[in-house]
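Below is one structure; the comments refer to it alone.
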Amino acid sequence: MIIKITPKAKKFMQQRGIEDVTFRLNVHQPAGCCIGIVKEIEAIYQAPANATNYKYYRSENFNIFVSRDIKPLGPLSVSVEGLWKLKRLSLDGAGIPI
């Protein structure tokens, strides 16, 4: 499988000197909340310490690690979401297991 990187994401990564991106499944249980567990895909701008639980992709001279807990729903791509200084990388085409 190939991961595409959008032009905006490539520019974002180049401007910040990001060479490695790890997408991991982050599980939260909000205190005092009745909704249960909240899951989200989180981007970390470094390689994982132990890559055995990650799928590795090399795209346009960038190293992309995707947690094996994240399920691809279609073609995967790295894009940018957010506004101004709150921008971050996101993984499109991926699903969170229930």
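Quick note: numbers below take in every heavy atom, side chains included, and nothing from hydrogens, waters or symmetry partners.
Atom NZ of K10 sits about 13.0 Å away from atom CD of Q15, to the nearest 0.5 Å. In this structure, K39 NZ and D69 CG are separated by 8.5 Å, a value rounded to the nearest 0.5 Å. Here the CD1 atom belonging to I18 is positioned 11.0 Å from the CD atom belonging to Q46, to the nearest 0.5 angstrom. The line from CD1 of I70 to CD of E42 is 10.0 Å long, rounded to the nearest 0.5 Å.
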Identify every side-chain donor-acceptor pair in residues 75-82 under 3.5 Å, counting partners at least two apart or on other chains, and give the distances.
residue, atom, partner, partner atom, Å
S79, OG, S90, OG, 3.0
S79, OG, D92, OD2, 2.7
E81, OE2, R88, NE, 2.7
E81, OE2, R88, NH2, 2.9

> Where do I64 and L91 land on the side-chain contact (heavy atoms from CB on, under 4.5 Å) test, with the steps shown first?
Replying inline: CA-CA 10 Å; I64 312 292; L91 184 63; 5.6 Å; no
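Across all their heavy atoms, S59 and I3 have their closest contact at OG-O, 2.8 Å. Scanning both residues, V21 and A43, for their nearest heavy atoms gives CG1-CB, 4.4 Å. Pairing each heavy atom of A9 with each of L89, the nearest pair is CB-CD2, 3.9 Å.
Relative to the ring axis of F12, R16 places its NZ or CZ within 45° and under 6.0 Å from the centre.
At a threshold of 4.5 Å between non-hydrogen side-chain atoms, the residues F65 and K55 do not count as touching. A 4.5 Å side-chain heavy-atom check between F62 and I5 finds at least one atom pair inside the cut-off. Contact of the I44 side chain with the R24 side chain is registered, since non-hydrogen atoms from C-beta on lie closer than 4.5 Å. Side-chain contact between Y45 and M13 is absent, with no heavy atoms from C-beta onward closer than 4.5 Å. Side-chain contact between I41 and N26 is absent, with no heavy atoms from C-beta onward closer than 4.5 Å. For the pair N63/Y57, no side-chain contact is recorded, criterion being any heavy-atom separation below 4.5 Å from C-beta on.
Residue-environment remark: CD (E19) stays at or below the threshold of 12 foreign heavy atoms within 6.0 Å.
Every residue was checked against the side chain to side chain contact (heavy atoms under 4.5 Å, CB included) condition with K71, not counting sequence neighbours, and none meets it.
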